[in-house]
Amino acid sequence: MPNILSCFKWVIDEAYIKTGPSLKLDMNFVDYKISDYDKNAIEEGVLLQEKFGGSVAVITVGKPEDTKGLKDALSRGPEKAYFVNDTSFSDLEPSQTASLMAEAIHDRIPFDIILCGEGSSDLYAQQVGPRLAEKLDIPCICYASKIQVQDNQVLVERKVDDGLEVVQAPMPVLITVSPDINIPRIPGLKDTLGASKKPVIEIAGSELNAVSARLETIETRAASLERSGRKFSGDQAGIKALVEALLKEGAI
Amino acid sequence: MAGVWILAENLEQSIELLTIGLQLAGEIGTDLAAISWQPETADDLIAHGVDEVILLPPLTAGQALEAYIPAIVERAQIDQPEVFLIASTLKGKELAARIASRLDAGLGSECQTLCWDAGRKSLVIERLVYGGTGVQKVCCLGRPQMATIPPRTFEPAPCLTGRDGRITQLNVSPFSPVTVLEKKAREHQTRDITKARVVVCVGRGMEKPEDLEKARELAGLIGGEVGCTRPISEEMHWMPEDTCIGLSGKTIKADLYIGLGVSGQIQHLTGIRDTRIICIVNKDENAPIFAAADYGIVGDLYQVLPGLIEEIKQVKA
Ligand SMILES: Cc1cc2nc3c(=O)[nH]c(=O)nc-3n(C[C@H](O)[C@H](O)[C@H](O)COP(=O)(O)OP(=O)(O)OC[C@H]3O[C@@H](n4cnc5c(N)ncnc54)[C@H](O)[C@@H]3O)c2cc1C
Ligand SMILES: Nc1ncnc2c1ncn2[C@@H]1O[C@H](COP(=O)(O)O)[C@@H](O)[C@H]1O
């Protein structure tokens, strides 16, 4: 029966990011969330455990204060959480995250199936999953839309550029899931209360080898999308005015 | 040995990669090589500027492209390219990340601009972050410097006459533990929305798949194509995935975009920002899409759409 490990990232909710003067990103009033598509990775871990038995845990790499994310993740069904944290673990680039996670997992955490999201909501690099598979030297299947466990193998339907492929691989295996694989549950009050009783295993940055970055961020600026927006009413007069405006613009 | 590599997964995108690849090779002062497993495209690649085609043998039954990873990595360790560019197809993104990991290289994902910074002696890349709220400028610290590039980021490289190039056949046995048991084709859009002058985009404000007919009628009337938001293609499966517009779908550069029942989350807006005129219908006047639109109707699309079609028919008559 498989030991399942779902990877999630605790990210800034982009809806709270404002554009400051001279296209600076204003992060003063941001809130955080579980990276959207990582909810699918957590849900799939729980669904697989329900169907095929075994265990399901989550793992995240982040800063020591990111504990809210652990509670949120645990309220979605997993049994325990591994929290790889250090004050220096902010703004990691994908190769660093993958290396830290690989080392943390390698000798400490039993795993047969590691699940990742399609991409993180902040970086959306779509790298950490496949890089982690390489670091752990295990098979990798990306963009899965269906997963089954059979003996010591997984049977996966994955998206490819010209359609779908049904593939098979031996466990242990890493799978990145496409967001259409499931609909993540919405935790209730009971789930939230239960989450605080579940174990969190901390792995401190000092236990791991330091990893240097392979990408350097030179700057991040806001991408402004604001337009002048003229509003019309939904009645006949509004529609007429809109069509007139579009004609004047030479758009239709 | 070539200092700039491209992964030639499919010919059309390879020729786009060549535009930026050749420019970089010129600035660095090096040759360009294409990694390919399709001998039939070698002449085309050379004609469009490739100096060396590094040719991998065909795959055996049940193997997929990831089987080439070890051979590509091994060759990269010998040739030590400075830059390695890969189209950001689904497969391309997976291969890029896995190759980068094995080479301990930095990889810029889905880059929008790339340029050679002679001072840093490095590639400087711009890409979107926070769903499209921000643009991140990065450079790679390891070698090769890797980047994945979305289709149509660059124009195709011109075909040159009388070019010579060499073909290097690699003698390897590709293998991956992931075996393909079955392939299923997916429904495809025959026409490409990235080339359309007008795009009518449907969102979750549409209640049932039959209602898409009205959107198609509007598109037909003004010479446009129908696109959609990600929930419509991926959750509802009402439209093929290659009509999805946004961060994880297509970027359009249309003259006119008409959004119907689209809320305008940043991940979607990112795909329409290069459109000249953005026009939308949404019943919620506080929907974020109003702030990103040039013209908007606050109203129920089920009432507005028929009225709009009628009005356009009249002015066209
Ligand atoms: C990493 C990441 C990548 C993503 N990539 C993409 C992407 O590439 N493309 C994409 O589209 N999304 C993408 N998304 C999803 C995106 O965040 C939004 O969830 C999605 O765009 C919302 O789609 P929608 O506007 O159709 O639906 P909703 O947000 O549900 O909006 C429906 C809108 O319709 C309006 N409406 C309802 N009924 C009516 C009516 N009768 N008349 C008029 N208006 C009506 C409502 O007021 C509402 O504003 C991505 C998300 C993440 C996290
Ligand atoms: N800091 C992190 N901690 C745990 N998992 C992560 C972290 N960053 C990324 N991941 C996982 O890797 C996936 C891809 O991330 P990215 O390469 O940033 O797009 C995410 O969907 C997560 O499943």
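Every chain is numbered from 1 and lettered A, B, ... according to where its sequence line falls, protein lines coming before strand lines.
Interface remark: Glu110(B) contributes side-chain atoms only to the contact with chain A (heavy atom separation under 4.5 Å). Looking at Ser233(A), only its backbone comes within 4.5 Å of chain B, counting heavy atoms on both sides. Of the atoms belonging to Arg143(B), not a single heavy atom falls under 4.5 Å from chain A. Within the 4.5 angstrom heavy-atom criterion, only backbone atoms of Ala293(B) (N, CA, C, O) approach chain A. Interface residue Glu157(A): only side-chain heavy atoms are found under 4.5 Å from chain B. For a residue to count as touching a neighbouring chain, one of its non-hydrogen atoms must lie under 4.5 Å from one of that chain's; by this rule Glu249(A) touches chain B with backbone and side chain alike. Only the side chain of Val315(B) has a heavy atom closer than 4.5 Å to any heavy atom of chain A. There is no contact between Val281(B) and chain A, counting heavy-atom distances below 4.5 Å. Proximity to chain B (any heavy atom under 4.5 Å) is restricted, for Leu242(A), to the side chain, taken from C-beta onward. Ile138(A) does not touch chain B: none of its heavy atoms, backbone or side chain, sits under 4.5 Å away. For chain A, the nearby parts of Leu107(B) are the backbone and the side chain; heavy atoms of each come within less than 4.5 Å. Neither the backbone nor the side chain of Leu23(A) comes within contact range of chain B; no heavy atom of the residue lies under 4.5 Å from a heavy atom of that chain. Heavy atoms closer than 4.5 Å to chain B are found nowhere in Tyr16(A), neither backbone nor side chain. Of the atoms belonging to Cys140(B), heavy atoms from both backbone and side chain fall under 4.5 Å from chain A. The parts of Leu215(A) that come within reach of chain B are both its backbone and its side chain, each placing non-hydrogen atoms under 4.5 angstrom from that chain. Proximity to chain A involves both the backbone and the side chain of Asp104(B), based on heavy atoms less than 4.5 angstrom apart. Looking at Arg276(B), both its backbone and its side chain come within 4.5 Å of chain A, counting heavy atoms on both sides. Looking at Gln265(B), there are no atoms closer than 4.5 Å to chain A (heavy atoms on both sides), in backbone or side chain. In this structure, no portion of Glu310(B) lies under 4.5 Å from any heavy atom of chain A. The contact between Ile278(B) and chain A is made by backbone and side chain atoms together, counting heavy-atom distances below 4.5 Å. For a residue to count as touching a neighbouring chain, one of its non-hydrogen atoms must lie under 4.5 Å from one of that chain's; by this rule Leu95(B) does not touch chain A.
Note: Arg230(A) CZ to Asp294(B) CG = 10.5 Å, rounded to the nearest 0.5 Å. Remark: Leu308(B) CG to Ile252(A) CD1 distance equals 7.5 Å, nearest 0.5 Å. Atom-to-atom distance recorded for Leu225(A):CG and Ile272(B):CD1 is 8.5 Å, nearest 0.5 angstrom. Within the model, atoms CG of Leu103(B) and CZ of Arg214(A) stand 11.0 Å from one another, a figure rounded to the nearest 0.5 Å. Rounding to the nearest 0.5 angstrom, the gap separating the CG atom in Leu141(B) from the OG atom in Ser95(A) is 9.0 Å. Atom CG of Asp161(A) is separated from atom OG1 of Thr89(B) by 4.5 Å, given to the nearest 0.5 angstrom.
Atom NZ of Lys63(A) sits in a crowded spot, with more than 12 heavy atoms from other residues, nucleotides or ligands closer than 6.0 Å. The local environment of CG in Asn28(A) is crowded, with over 12 non-hydrogen atoms from other residues, nucleotides or ligands closer than 6.0 Å. More than 12 non-hydrogen atoms from other residues, nucleotides or ligands lie less than 6.0 angstrom from NE2 of His237(B).
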Next item on the list: Please assess Glu311(B) against Gln236(A) for the test side-chain contact (heavy atoms from CB on, under 4.5 Å), listing each intermediate value before the final yes or no.
Entry: CA-CA 9 Å; Glu311(B) 183 64 23; Gln236(A) 200 56 39; 3.9 Å; yes
Next item on the list: Would you sort out whether Lys91(B) and Glu165(A) count as a salt bridge (charged side-chain N to carboxylate O under 4.0 Å, His left out), showing the intermediate values?
Entry: CA-CA 12 Å; Lys91(B) 210 69 218 181; Glu165(A) 276 177 359; 5.0 Å; no
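With a 4.5 Å cut-off on side-chain heavy atoms, Glu93(A) and Val138(B) do not count as touching. By the 4.5 Å heavy-atom criterion applied to side chains, Lys93(B) and Tyr143(A) are counted as neighbours. Proximity of Val173(A) to Val178(B): side-chain heavy atoms (C-beta onward) are nowhere separated by under 4.5 Å. Taking the side chain as every heavy atom from C-beta outward, Val129(B) and Leu123(A) approach each other to under 4.5 Å. Between Ser101(B) and Pro130(A) there is no side-chain heavy-atom pair separated by less than 4.5 Å. Looking only at side-chain heavy atoms (C-beta outward), Glu94(B) and Thr176(A) stay at 4.5 Å or farther from each other. Side-chain contact between Cys139(B) and Ile218(A): present, with at least one pair of heavy atoms (C-beta onward) separated by less than 4.5 Å. Looking at Cys140(A) and Glu66(B), their side chains never come closer than 4.5 Å, going by heavy atoms from C-beta outward.
Taking all atoms of both residues into account, the shortest heavy-atom contact from Glu234(B) to Ser178(A) is OE2-OG, 3.1 Å. Between Ala100(B) and Arg131(A), the shortest heavy-atom contact is CB-NH2, 3.4 Å. Pairing each heavy atom of Ile277(B) with each of Leu246(A), the nearest pair is CG2-CD2, 4.1 Å. The minimum heavy-atom distance linking Pro177(B) with Pro170(A) is given by the pair O-CD, 3.6 Å. Minimum interatomic distance between Ala251(A) and Arg197(B) (heavy atoms only, all atoms of both residues): O-NH2, 3.1 Å. Contact between Arg230(B) and Pro179(A) at its shortest, heavy atoms only, is NH2-CG, 3.6 Å.
Considering only heavy-atom pairs separated by less than 4.5 Å from chain B, the leading option among Ala223(A), Ala245(A), Gly234(A) is Ala223(A). Interface summary for chain B: among Val166(A), Val167(A), Thr220(A), the most heavy-atom pairs under 4.5 angstrom belong to Val166(A).
No hydrogens or angles considered: nothing links the side chains of Glu118(A) and Ser248(B) as a donor-acceptor pair under 3.5 Å.
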